[in-house]
Amino acid sequence: MTFRLYDTATRGVRDFVPLVEGHAGLYLCGLTVQSEPHVGHLRSGINFDVLQRWLRHRGFEVTFIRNVTDIDDKILAKAAEQGLPWYALASAMKRELDAAYAALNVAPPTYEPAATGHVPEMLELIAELIERGHAYAAEDGSADVYFDVRSWPSYGELTRQGIDDMEAAGDADPRGKRDPRDFALWKSAKDGEPSTASWPSPWGRGRPGWHIECSAMAGKYLGPAFDVHGGGVDLRFPHHENEQAQSRAAGRPFATYWMHNAWITTAGEKMSKSLGNSLVVSEVLERVRGIELRFYMVASHYRSHVEFSTEALEDAAVGFRRVEQLLDRLGLGADREETPTAELPAAYVEALDDDLGTPAAVAVLHDTVREANRLADAGDHDRARERGAAVVAMLDVLGLDPADPAWRASGGAADREAALTSALDSLLGALLAERDAARASKDFATADTIRDRVKAAGIEVEDTPDGPRWSLT
RNA sequence: GGUGGGUUGGCCGAGAGGCGAGGCAACGGACUGCAAAUCCGUGUACACGGGUUCAAAUCCCGUACCCACCUCCA
């Protein structure tokens, strides 16, 4: 079977046919670095990370571009509020975003272009649009340049909307526009804006409109035509519609497939600072580990709306620990020395081939875990390990292999935790030896007293065929 | 007004005409000194009302409710 992908433009699942055999060019609209990222922001990154991993697994050479919007109205406004230069805010938030991606093992893209680094490319594209009669300098003498939606007959094709059915932009500044739906390619510098926030252009000093950056950067790094373009559902309109219009109006075929992920909401509403319901990644990571959060996010389909709840998150974490326990049992966990190779189960391959069907893939994962446990229970260590190796291979594709060095938290906190664990282990050693001796002489009262005392301290002791094992509750 | 999506068992979450995806929880059993872990087993779930069909959670018609986008949004 071939890999199939749901394409927003055609509203159906289609075979993935790359423009260049064996190669896949991906573009993901990254984030505007204006505040600390919440879990919803990370969904597109995780989704494209899985896409990238799956394509690579299937033998494609992948070029993956994920941009960063580092200049826009919000950044300017927030920076002003906080008394910071806009670039300082953008830069600080970019570091937060990088940390969040790293904490969830989202592999870096091939290249991560920033809008501010691509003004010349944007100016070139704008000039070409003017030349072709699809854009015009504002008629009010400002440096604004607008895209002329009426000049592009297929405007609205991505989201199937007719220009005349669209609501006119209520809050958009209509000055100098031929049609209220025309959108800015270049925004003139305004009084009170920092001088560092504008660049020279043939039409006057200003800064890029929101949409033009993606067209310019996708064109630069992936060429006039590329395979998959993605982002959150909210970007379909206007952002992606406009990107496509301006790119195609400039003679570039642009994306072949459009991939949009659904929202993660809390309390039925999208996350937003103003609603006070943002689940900032750094806070969620105080509750569960990064690998558990990633598992939770990967276990539902990218096109399904997810209602985030801590209960569901913790259920998922419990389920994932079961998988990890199986790996530990077989010596294939985080500390394993070598990774045996294994084929992916056919059902798993079929699941991911079908529009990245991660829920079905996770079901196969669980089935395989159960099988491995059954074999191990029966003492068939070799076959159990074989199944375990398949589990590792499946986890790896999803970016969930516990042995992936990416999960090794860096910095002092992790080192300290390792030191504490080792200290506890040596202290517990004597107690557990005492308990073992009591059990051996069938003095279960003493054995249970020790277990209860340790439990009161927040440590659970389990007896396994290989001796007692302890863990923090 | 236009465009698109949704409503599935105690909870989460797949599926898209015919065997109950999977997980969490619960209950029973095996194992265990007792537990834990693991394994085996246990559920008459598809918003509502009609219809089509041998067969509908799935298709059609209608109704209700929810959500997203319509130029700030992951």
Side-chain angles (χ1 to χ4, degrees), chain A residues 8 11 28-32 34 37-47 72-74 77 147 149 156 159-173 180-184 209-211 230-239 241-242 260-265 268-272 295-296 299-301 303-307 309 311-323 325-326 329 347 351 357-367 369-378 439 442-445 447-448 451 455 460-465 468-469 471:
Chain A
T8 307
R11 287 191 301 181
L28 172 64
C29 281
L31 301 177
T32 299
Q34 42 127 351
H38 57 61
V39 290
H41 286 134
L42 276 278
R43 194 173 197 193
S44 62
I46 289 184
N47 182 225
D72 88 323
D73 292 348
K74 272 194 174 174
F147 183 85
V149 297
T159 50
R160 291 157 203 274
Q161 302 183 85
I163 294 180
D164 296 311
D165 293 329
M166 293 176 193
E167 275 178 11
D171 58 339
D173 184 353
R181 278 142 298 213
D182 288 351
F183 56 91
W210 177 33
H211 318 295
V233 275
D234 54 309
L235 295 184
R236 283 178 308 192
F237 193 89
H239 189 51
E241 186 73 68
N242 291 353
H260 291 104
N261 58 273
W263 293 92
I264 296 178
T265 58
E269 307 200 61
K270 67 184 185 184
M271 293 181 196
S272 116
F295 178 74
Y296 171 65
S300 49
H301 190 86
R303 282 193 286 121
S304 292
H305 166 128
V306 168
E307 173 65 22
S309 78
E311 293 75 19
L313 175 66
E314 274 156 17
D315 281 356
V318 169
F320 187 72
R321 278 177 221 138
R322 187 169 157 272
V323 176
Q325 273 166 28
L326 179 267
R329 179 181 189 185
T358 52
V362 167
V364 176
L365 178 81
H366 281 122
D367 287 344
V369 167
R370 191 182 316 108
E371 222 179 298
N373 269 317
R374 196 190 294 133
L375 289 164
D377 282 356
R439 289 179 72 217
K442 306 234 185 269
D443 179 5
F444 297 119
D448 289 350
R451 186 168 61 188
K455 184 166 188 168
E460 192 126 47
V461 175
E462 301 166 35
D463 296 316
T464 77
R469 215 180 60 188
S471 56

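Lettering follows sequence order; numbering is per chain, from 1.
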Q) Is it the case that A/R322 and A/N373 place a side-chain donor and acceptor less than 3.5 Å from each other? A)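 Looking only at side-chain atoms, A/N373 and A/R322 do not form any donor-acceptor pair under 3.5 Å.
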Q: For B/rA57 and B/rC31, measure between their C1' atoms and round to the nearest Å.
A: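 About 39 Å, rounded to a whole number of Å.
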Searching all strands shown, indicate the nucleotide that pairs with [N] (Watson-Crick or G-U wobble; both distances under 3.5 Å).
| N | answer |
| --- | --- |
| B/rC46 | none |
| B/rA64 | B/rU7 |
| B/rC59 | B/rG51 |

Q.
Would you say A/R374 places a side-chain N or O within less than 4.0 Å of OP1 or OP2 belonging to B/rC40?
A.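 True: A/R374 side-chain N/O within range (under 4.0 Å) of B/rC40 OP1/OP2.
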Q: Compare side-chain N and O positions of A/R322 against OP1 and OP2 of B/rC39 and report whether any pair is under 4.0 Å apart.
A: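 Yes.
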Q) Which atom pair, heavy atoms only, marks the closest approach of A/T358 to A/S300? A)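 For A/T358 and A/S300, the tightest heavy-atom pair comes out as OG1-O, 3.4 Å.
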Q. Counting only distance, no hydrogens or angles, is the base of B/rC34 paired donor-acceptor with the side chain of A/D463 under 3.5 Å?
A.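 When only heavy-atom distances are counted, A/D463 does reach the base of B/rC34 through a donor-acceptor pair under 3.5 Å.
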Q: Return yes if the base of B/rG33 and the side-chain atoms of A/D448 contain a donor-acceptor N/O pair under 3.5 Å, otherwise no.
A: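 Check passes, donor-acceptor contact within cut-off.
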Q) Quick one: CG on A/L326 to CZ on A/R370, what's the gap to the nearest 0.5 Å? A)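 With rounding to 0.5 Å, CG (A/L326) is 11.0 Å from CZ (A/R370).
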Q. At what distance, to the nearest 0.5 angstrom, does CG of A/D73 lie from CD of A/Q34?
A.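 Going from CG on A/D73 over to CD on A/Q34, the span is 11.0 Å.
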Q: Could you please name the option among B/rC69, B/rC11, B/rG22 that lies closest to any side-chain atom of A/R370?
A: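 For the A/R370 side chain, the nearest candidate turns out to be B/rG22.
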